[in-house]
Amino acid sequence: MYLFNTLSREKEEFKPLKENEVRIYTCGMTVQDAPHLGHLRTFIFADVLRRFFEFLGYKVIYIQNFTDIDDKIIQRAKEEKIDWRDIGQRYIDEYFYVSDLMNIKRADAYPKASQFILEMINLIQKLLKKGYAYKTKSGIYFEVEKFKTYGKLSKKKIDELLAGARVEVDEEKKNPLDFALWKSYKENEPYWYAPFGRGRPGWHIECSAMSMHYLGETFDIHIGGEDLIFPHHENEIAQSEAATNKPFVKYFLHNGLLLLKGEKMAKSTKNYFLAKEALREYEPDIIRLFLLKAHYRSPYEFTTERLEEAKSQWQRIKEFFIFAKKGKEAFRFIVPEKIVNALLDDLNTPFALGEIFKMIEEFFKTKDLSLYSLVYSSLKLLGFKLTEKEPLYLTTEDNIENLIKARTIARKNKKYDISDKIRTALNYLGYELRDTNEETIFFKKEEKEVNKEEFKKIVDALKKEIEEQLKEEEFPYLKEILELIKEY
RNA sequence: GGCGGCGUAGCCAAGCAGCUAAGGCGGCGGUCUGCAAAACCGCUAUUCCCGGGUGCAAAUCCCGGCGCCGCCUCCA
């Protein structure tokens with residue numbers, strides 16, 4: 001398995017610290033707002049990576065945090081005049097709603113920053129004791145100059161950072177780049193007691209404390225959006241390694257950002273498309289397909305046109321399952337080697353999808369039912385839901401089989417006016433029909449509006465029409481049709 | 001200004017030195033079909049932002065431009 005490591009800016013062969021085990025930490029959300037599609041990109045990427053490791057036989061320990069205490073959450077709580085914890089909980093709930101719908105596998109733990117205050121205090125004390133941190137009126141700061149490899153992740157140099165400095169100036173800070181480990185108590189703000197004074201944690205320290213708590217002082221993989229490289233992950237490395245004298249993380253993986261109108265999708269600029277909104281309009285698998293169509297590290301522009309494109313592509317996958325369903329009987333979980341190899345190469349999901357579409361074309365040409373297993377397994381490996389309800393859509397909840405039978409009889413007797421009326425009626429119930437040589441396939445189209453009255457009107461008119469015809473001449477097949485549609 | 005990334009057909013997107021430049025969406029023409037839909041066949045990049053260079057060989061490596069994006073402040 002080769003993965004692009006931000007630390008080296010190269011694809012490196014993945015070697016786990018412990019044989020057959022991978023420990024992964026993904027920077028989750030700061031729960032000050034609802035998840036958008038940009039967040040989903042990261043979590044879907046992490047989800048596919050994790051599933052692939054499991055497929056390869058690794059034991060995966062996967063942790064994803066919630067940062068539930070920070071400036072913006074406090075700010076928001078003040079605005080809404082509710083407890084800061086309620087703000088966090090609201091968006092945590094929403095996160096799980098979205099993530100479960102998207103079929104993102106649950107992490108082994110979802111630590112919240114506010115539950116790890118003690119661990120953070122211990123870390124800060126260690127840093128104070130070792131001389132990496134110092135105290136001012138406004139809090140405890142990490143002294144960047146003391147950590148000689150500061151900047152090794154983002155490839156930034158301290159003096160260059162200072163040159164561009166947009167960092168807020170604090171008179172007491174030794175260096176504008178020094179970052180807060182702990183913020184001193186302020187009125188009307190949540191606080192905790194600590195040996196070095198009451199207050200609350202700064203940003204960055206929670207991820208060090210939580211990741212090390214679950215995964216140890218050195219672990220395999222740390223995932224996050226590209227925008228977290230600096231300062232967040234750089235600072236995590238500094239404070240963690242300064243405290244432990246051990247390498248913090250072996251592989252840092254960062255995904256490219258999702259853009260909207262040419263700009264980064266972000267909460268702060270209100271330039272975003274909410275995940276729950278996308279899920280109102282599109283099946284989760286379509287959104288997953290949209291996200292996996294581009295390599296995880298590329299910048300990727302979101303437009304509704306592209307979601308529509310993913311929807312068309314998904315339709316082809318559905319067609320495959322409609323016609324290949326008999327292959328299910330001999331199902332075996334097998335993923336083609338080409339797809340495994342593509343994923344082994346820095347998780348090349350676009351290539352893997354290309355191979356899936358090739359198999360689908362192959363199926364339509366050859367009708368080789370063994371392709372069912374290959375396509376199904378590959379899609380499952382990529383985390384697609386593929387529930388019965390979605391790609392197969394052969395629901396019979398409305399019990400329409402007799403109508404289909406009646407229509408078949410009508411077609412056999414070339415009574416196309418009758419068969420077309422039945423088809424139109426069924427369209428009003430939301431069904432689409434497909435005539436093949438052997439049978440008529442029907443499936444429910446979720447976007448079609450159901451109009452039961454119209455359906456009834458057409459069926460009733462049809463019944464009358466047939467009754468009239470029967471008065472003039474006794475066609476046995478007409479009787480049969482009437483018998484079949486009587487119940488509707 | 002500094003650091004990083006990207007620029008491949010109408011659109012999206014793989015490929016990152018050597019088989020005819022994957023795959024999808026869209027479009028056009030055809031086959032099949034009562035109709036519809038789906039599917040299938042064919043066409044839709046002699047060329048990979050531009051200009052140089054190094055190789056027997058470059059979309060792929062190097063240099064110089066141009067354009068877009070990200071980070072340097074909170075951010076997946």
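Per chain, numbering begins at 1; letters A, B, ... match sequence-line order.
A/L257 comes within 4.0 angstrom of a nucleotide base, judged by non-hydrogen atoms across all strands. Using a 4.0 Å heavy-atom distance criterion, A/L258 is classed as a base contact. Within the nucleic acid shown, A/L433 comes within 4.0 Å of at least one base atom, counting heavy atoms only. Residue contacts for A/H254: at a heavy-atom cut-off of 4.0 Å it reaches no nucleic acid atom on any strand shown. Residue contacts shown for A/G38 include a base, since a base heavy atom lies under 4.0 Å away. Among the atoms of the strands shown, base atoms are found under 4.0 Å from some heavy atom of A/N255. Note on A/E361: only backbone sugar-phosphate atoms sit closer than 4.0 angstrom, heavy atoms only; bases stay farther off. No engagement by A/E308 is indicated, since no non-hydrogen atom pair under 4.0 Å with the nucleic acid exists.
Between B/A39 and A/R316, a contact under 4.0 Å exists linking OP1 or OP2 to a side-chain N or O. Contact check, A/R434 against B/A38: no side-chain N or O comes under 4.0 Å of OP1 or OP2. Contact annotation: A/K367 side-chain N/O to B/A39 OP1/OP2 distance is not under 4.0 Å. Look at A/T30 and you'll find a side-chain N or O under 4.0 angstrom from OP1 or OP2 of B/A76. The shortest distance between the side-chain N/O atoms of A/S298 and the OP1/OP2 oxygens of B/A14 is below 4.0 Å.
For RNA chain B, the residues of residues 267-277 of chain A within the heavy-atom distance limit of 4.0 Å (strictly under) are A/K267, A/S268, sorted by number.
Look at CG on A/L292: it is 17 Å from P on B/G24, rounded to the nearest Å. Regarding A/F179, its CZ atom lies at a distance of 15 Å from the P atom of B/C72, rounded to whole Å. Nucleotide B/G1 holds its P atom 18 Å from the NZ atom of A/K157, rounded to whole Å. Whole-Å rounding puts the A/K72 NZ to B/A76 P distance at 9 Å. As rounded to whole Å, 13 Å separates atom C1' of B/G4 from atom CD of A/E234. In this structure, A/D159 places its CG atom 14 Å from C1' of B/G1, rounding to the nearest Å. Rounded to an integer number of Å, the gap from CD of A/E94 to P of B/A76 is 14 Å. Rounded to whole angstrom, the span from the CD1 atom of A/I317 across to the P atom of B/A38 amounts to 16 Å.
Within 3.5 Å, a donor on the side chain of A/K156 pairs with an acceptor on the base of B/C71, or the reverse. The base of B/G70 does not come close enough to the side chain of A/E226 for any donor and acceptor atom to sit less than 3.5 Å apart. Checked by distance alone, A/K365 brings no side-chain donor or acceptor within 3.5 Å of a matching partner on the base of B/C40.
The aromatic ring centroids of A/Y95 and A/F43 lie less than 6.0 Å from each other. Taking the six-membered ring for Trp and the full ring otherwise, the centers of A/F273 and A/H36 sit at least 6.0 Å from each other.
Using Watson-Crick or G-U wobble geometry with both donor-acceptor distances under 3.5 Å, B/A9 finds no partner in any strand shown. Here B/G4 sits opposite B/C69 as a Watson-Crick or G-U wobble pair (both hydrogen-bonding atom distances under 3.5 Å). Summarising the base pairing, B/C32 is matched to no nucleotide, lacking a Watson-Crick or G-U wobble pair whose two defining distances lie under 3.5 Å. Taking a pair to require two hydrogen-bonding distances under 3.5 Å in either a Watson-Crick or a G-U wobble arrangement, B/C61 pairs with B/G53.
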Any protein N or O atoms within reach of nucleotides 32-34 of chain B? Criterion: under 3.5 Å, listing atom names and distances.
residue, atom, partner, partner atom, Å
B/G34, O6, A/R411, NE, 3.1
B/G34, N1, A/D420, OD1, 3.0
B/G34, N2, A/D420, OD1, 3.3
B/G34, N2, A/D420, OD2, 2.5

Review item, nucleotides 20-22 of chain B N/O atoms under 3.5 Å of protein N/O:
residue, atom, partner, partner atom, Å
B/A22, O2', A/K358, NZ, 2.7

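Between A/F364 and A/R9, it is A/R9 whose nearest contact on RNA chain B lies nearer the 5' terminus. Taking the nucleotide of RNA chain B with the nearest heavy atom to each of A/S312 and A/E362, the more 5' of the two is matched to A/S312.
Taking atom C1' in both B/C49 and B/A9, the straight-line distance is 15 Å, to the nearest Å. Annotation: B/C3 and B/C63 have their P atoms spaced 13 Å apart (nearest Å). Taking the C1' atoms as reference points, B/A21 lies 8 Å from B/A45, given to the whole Å. Here the separation of B/C32 from B/A36, taken at their C1' atoms, is 13 Å to the nearest Å. If you take atom P in B/A14 and the same atom in B/C61, they sit 16 Å apart, rounded to whole Å.
Heavy atoms of other residues, nucleotides or ligands lying less than 6.0 angstrom from NZ of A/K261 number 12 at most. Within a 6.0 Å sphere centred on NZ of A/K338, heavy atoms belonging to other residues, nucleotides or ligands number 12 at most. Within 6.0 Å of the CD atom in A/E337, the count of heavy atoms belonging to other residues, nucleotides or ligands does not exceed 12. At most 12 heavy atoms of other shown residues, nucleotides or ligands fall within 6.0 angstrom of atom NZ in A/K186.
In this pair, A/Y372 and A/Y376 present their aromatic rings parallel. The plane angle is below 30°, not in the 30 to 60° band. Aromatic ring orientation, A/F248 versus A/F252: tilted (interplanar angle from 30° to 60°). Between A/F320 and A/F363, the two ring planes are perpendicular [angle over 60°; tilted spans 30° to 60°]. The aromatic rings of A/H233 and A/H254 lie tilted to each other, with the angle between the two planes from 30° to 60°.
When the nucleotides B/C6, B/A76, B/C71 are ranked by their closest atom to the side chain of A/P299, B/C6 comes out on top. In this structure, the nucleotide among B/G24, B/A76, B/A13 sitting nearest to the side chain of A/L228 is B/A76. Among B/C40, B/C25, B/C69, the nucleotide with an atom closest to any side-chain atom of A/Q313 is B/C25. Of the candidate nucleotides B/G2, B/A76, B/C12, B/G2 has the atom nearest to the side chain of A/E160. Picking from B/A38, B/C72, B/C12 the nucleotide with the shortest atom distance to the side chain of A/Y300 gives B/C12.
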CA sep, side-chain torsions, deciding dist, call: A/N271, A/E263, side-chain hydrogen bond (donor to acceptor under 3.5 Å, both in side chains):
CA-CA 8 Å; A/N271 187 240; A/E263 309 237 299; over 6 Å; no
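Glycosidic conformation at B/G55 (O4'-C1'-N9-C4 for purines, O4'-C1'-N1-C2 for pyrimidines): syn, within 90° of 0.
For A/F364 against A/R316, the heavy-atom pair with the smallest separation is CD1-NH2, 4.1 Å.
Taking the centre and axis of the six-membered ring of A/Y62, the NZ or CZ atom of A/K105 falls outside the cone set by 45° and 6.0 Å. In this structure, A/R106 satisfies the cation-pi test against A/F96, with its NZ or CZ atom closer than 6.0 Å to the six-membered ring centre and inside 45 degrees of the ring normal. Taking the ring centre of A/Y300 as origin, the terminal cationic atom of A/R41 falls outside the region bounded by 6.0 Å and 45° from the ring axis.
A side-chain donor-acceptor contact under 3.5 Å links A/E234 to the backbone of A/S154.
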